[in-house]
Amino acid sequence: MEIKNGSILKLTTSPDKEANSLCQGVQSHNLDVRSESLKKLAALSSDVTFAQEFISRDGLLFLSRTVEEDDERGEVMCHTLRAISELMEHGFVSWETFSPTFIQKVVTFVNVNLMMLEITQLALMILESVVQSNTTLGIMVKKEVPLDRLLTLLQLPDQETQIKVMALLVALLQKVGGRERADMFEYLWKKNMRQFIHKNIIHNWPQLGDEMRHYLYVLQCLSLGLLEGRMRMAMDPNDAEQRQHLQNLRLSAFPIEVEDGGHMTAERRRSLCAKEFRKLGFTNNGSPWQDLCLTPPGLLALDNMMYFSTRWPNAYSRFVLENSSREDKHVCPFARSSIHLTLILCEILRVGETASETGQDFLTMFYAQDHFLHELFCVCIQVLNKTWKEMRATHEDFDKVMHVVKEQISRTLGQVPTSLEFFRTKISSLNYSEILRRRQEERLIQDEALSPPVMELRKQLEPELLTLIRQHRLNYLCEGTKFRKISSRRRQGT
């Protein structure tokens, strides 16, 4: 095999002979021979046939010993790690064939500052693959690599390193349970990882590549997925904490009326509470907990209402009091609207859905805002109230209003808002009149496309267009194209 500038030019021997030669070379006591053999091995390991031959000759054992026993942290170690990473990518053998000593040494390359950053990057790649393999060695990686160290490496001004760190972080988050995953996210967000990603990666990179876009997408899915438990949990009327949240919601809206409640009879108190829950927009005002038995959105709707009432108390009070003064038929029911809005947001954001192994669609503003879904709800519930008034809606129009609000949210997200404030500005301008105008425009375009003259012209041009399309596809096949490789690690981990 001949190599020039790190690229393979041609194979000079068969794969089995090449594998046999390199197995001997990597064990040589001559440093120059061993270094050259490892360099060749790293260049050739991506070849499937060669990889099978090399692994069948216990080649991985020789390489693991090199990592375990050598203190060299230069090009020899770099070639060795690259060869191991490429060979294991084929999936012929399990990471269980490697010893804990090997993993510990690779962990050291991550935890210690090295002069050669490429070694750190390769170590991160190997550890990600180990974690994705679901082996006991993956548990070891999780224990031995501190999150603080990964956050430090993420802040290095090197895009390749940042990609590798994100890959390992995502792998670690995917392989832990719900409670542990929640704790990890809480720690990462507390360390301002979200803000760092928004400022230094999303807005600082000239262009986000496929890999980074995928990791940002998966990270968002995993984070929003933490809400699935609340979304699928119905309210328990015997749970004291949940009952108290409901009462706090009522007391925040009607504090004055409650102050005189100490002198009321039990019956009068129950009547007053039912009246206030009705004003809050609960359908079952005598037993409001029943409204929260619908799953989804379950208790997530209660969480959103509580967040709105405490984070934006003035806006919450204004919403409730404003509707309390309207005619009954024109009242926008806060609780019922909140429950359905939460469901809409969960559908749009795909809360609880498993991340796709090729997905890349993430929301930039997710990384610009803490408590993302709760804050998004606070904006949208006020838009809902505004839209209700613009439509002069009654209770019979409830579903129609929710459909319009869903359209407002979807259209605004389609403009790729970079922050919640940008989202707020855009959705505020997308009022009911604007929605009607855009619908009319789209309907006219559709009607025009389906008009008899257009249909006749389309029929006449169809044979010529089909010929052009066929020729274009043939030309494309002849020219060839490049496809993004999905590694075996990715397939195992999603």
Side-chain angles (χ1 to χ4, degrees), residues 26 38-39 41-47 51 54-55 58-147 149-150 152-154 156 158-175 211 214-215 485-494:
V26 297
L38 287 167
K39 182 178 180 180
L41 178 62
L44 193 56
S45 293
S46 59
D47 182 87
F54 185 81
I55 291 172
D58 291 330
L60 283 171
L61 177 62
F62 306 143
L63 295 178
S64 65
R65 284 177 181 169
T66 299
V67 174
E68 293 172 17
E69 298 171 4
D70 280 17
D71 292 328
E72 199 274 339
R73 295 182 179 180
E75 288 193 1
V76 169
M77 186 58 68
C78 187
H79 294 320
T80 304
L81 293 176
R82 185 175 298 283
I84 291 173
S85 177
E86 292 286 357
L87 289 167
M88 292 302 293
E89 188 74 16
H90 299 294
F92 296 137
V93 294
S94 166
W95 282 104
E96 293 285 5
T97 58
F98 291 83
S99 68
T101 304
F102 168 83
I103 298 299
Q104 188 61 59
K105 188 68 175 286
V106 177
V107 166
T108 302
F109 294 147
V110 171
N111 289 343
V112 175
N113 292 326
L114 300 177
M115 293 294 293
M116 197 167 185
L117 189 58
E118 191 174 357
I119 292 180
T120 302
Q121 294 169 359
L122 289 165
L124 287 165
M125 282 179 63
I126 288 173
L127 294 182
E128 181 219 350
S129 186
V130 171
V131 171
Q132 294 282 26
S133 68
N134 288 316
T135 64
T136 53
L137 294 177
I139 299 174
M140 179 181 174
V141 174
K142 178 180 168 298
K143 290 180 180 178
E144 297 295 330
V145 181
L147 290 179
R149 178 57 183 170
L150 293 179
T152 298
L153 291 173
L154 186 65
L156 293 178
D158 181 86
Q159 292 186 14
E160 196 61 34
T161 302
Q162 290 174 333
I163 288 173
K164 300 298 186 289
V165 171
M166 286 290 288
L168 180 53
L169 275 171
V170 165
L172 290 169
L173 286 163
Q174 284 178 318
K175 295 302 175 181
E211 279 191 284
H214 175 73
Y215 295 133
K485 180 180 179 182
I486 301 174
S487 69
S488 59
R489 305 193 295 276
R490 178 90 53 85
R491 288 194 293 271
Q492 292 167 2
T494 53

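One is the number of the first residue; the rest follow in order along the sequence.
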Distance from [X] atom [atom1] to [Y] atom [atom2], nearest 0.5 Å?
{"X": "L169", "Y": "L150", "atom1": "CG", "atom2": "CG", "result": "5.0 Å"}
{"X": "L173", "Y": "K142", "atom1": "CG", "atom2": "NZ", "result": "10.0 Å"}
{"X": "T80", "Y": "R65", "atom1": "OG1", "atom2": "CZ", "result": "14.0 Å"}
{"X": "C78", "Y": "L114", "atom1": "SG", "atom2": "CG", "result": "11.0 Å"}
{"X": "E86", "Y": "L44", "atom1": "CD", "atom2": "CG", "result": "10.5 Å"}
{"X": "L172", "Y": "Q132", "atom1": "CG", "atom2": "CD", "result": "9.0 Å"}

Hey, does the side chain of [X] reach the backbone of [Y] with a donor-acceptor pair shorter than 3.5 angstrom?
{"X": "S85", "Y": "L81", "answer": "no"}
{"X": "S129", "Y": "I126", "answer": "no"}
{"X": "T66", "Y": "F62", "answer": "yes"}
{"X": "K105", "Y": "D70", "answer": "yes"}

Looking only at non-hydrogen atoms, find the nearest pair between [X] and [Y] and report the distance.
{"X": "H90", "Y": "A51", "answer": "CD2-CB, 3.4 Å"}
{"X": "F109", "Y": "T120", "answer": "O-OG1, 3.4 Å"}
{"X": "V131", "Y": "A171", "answer": "CG1-O, 3.6 Å"}
{"X": "A42", "Y": "H79", "answer": "CB-O, 3.6 Å"}
{"X": "M77", "Y": "I119", "answer": "CB-CD1, 4.1 Å"}
{"X": "A123", "Y": "V110", "answer": "CB-CG2, 3.7 Å"}

Q.
Just to verify, which of I139, L168, L137 counts as forming a side-chain contact (heavy atoms from CB on, under 4.5 Å) with V130?
A.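 Only one of I139, L168, L137 forms a side-chain contact (heavy atoms from CB on, under 4.5 Å) with V130, namely L137.
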Q) So, are R82 and E118 salt-bridged, with charged N and O less than 4.0 Å apart? A)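 Yes.
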Is any side-chain heavy atom of [X] less than 4.5 Å from a side-chain heavy atom of [Y]?
{"X": "E68", "Y": "Q104", "value": "no"}
{"X": "L87", "Y": "L63", "value": "yes"}
{"X": "V106", "Y": "L122", "value": "no"}
{"X": "F92", "Y": "F54", "value": "no"}
{"X": "T136", "Y": "E96", "value": "yes"}
{"X": "V67", "Y": "F98", "value": "no"}
{"X": "L61", "Y": "S64", "value": "yes"}
{"X": "L154", "Y": "M166", "value": "yes"}

Q: Let me see the working for M88 and V93 under side chain to side chain contact (heavy atoms under 4.5 Å, CB included), right down to the final yes or no.
A: CA-CA 7 Å; M88 292 302 293; V93 294; 3.6 Å; yes
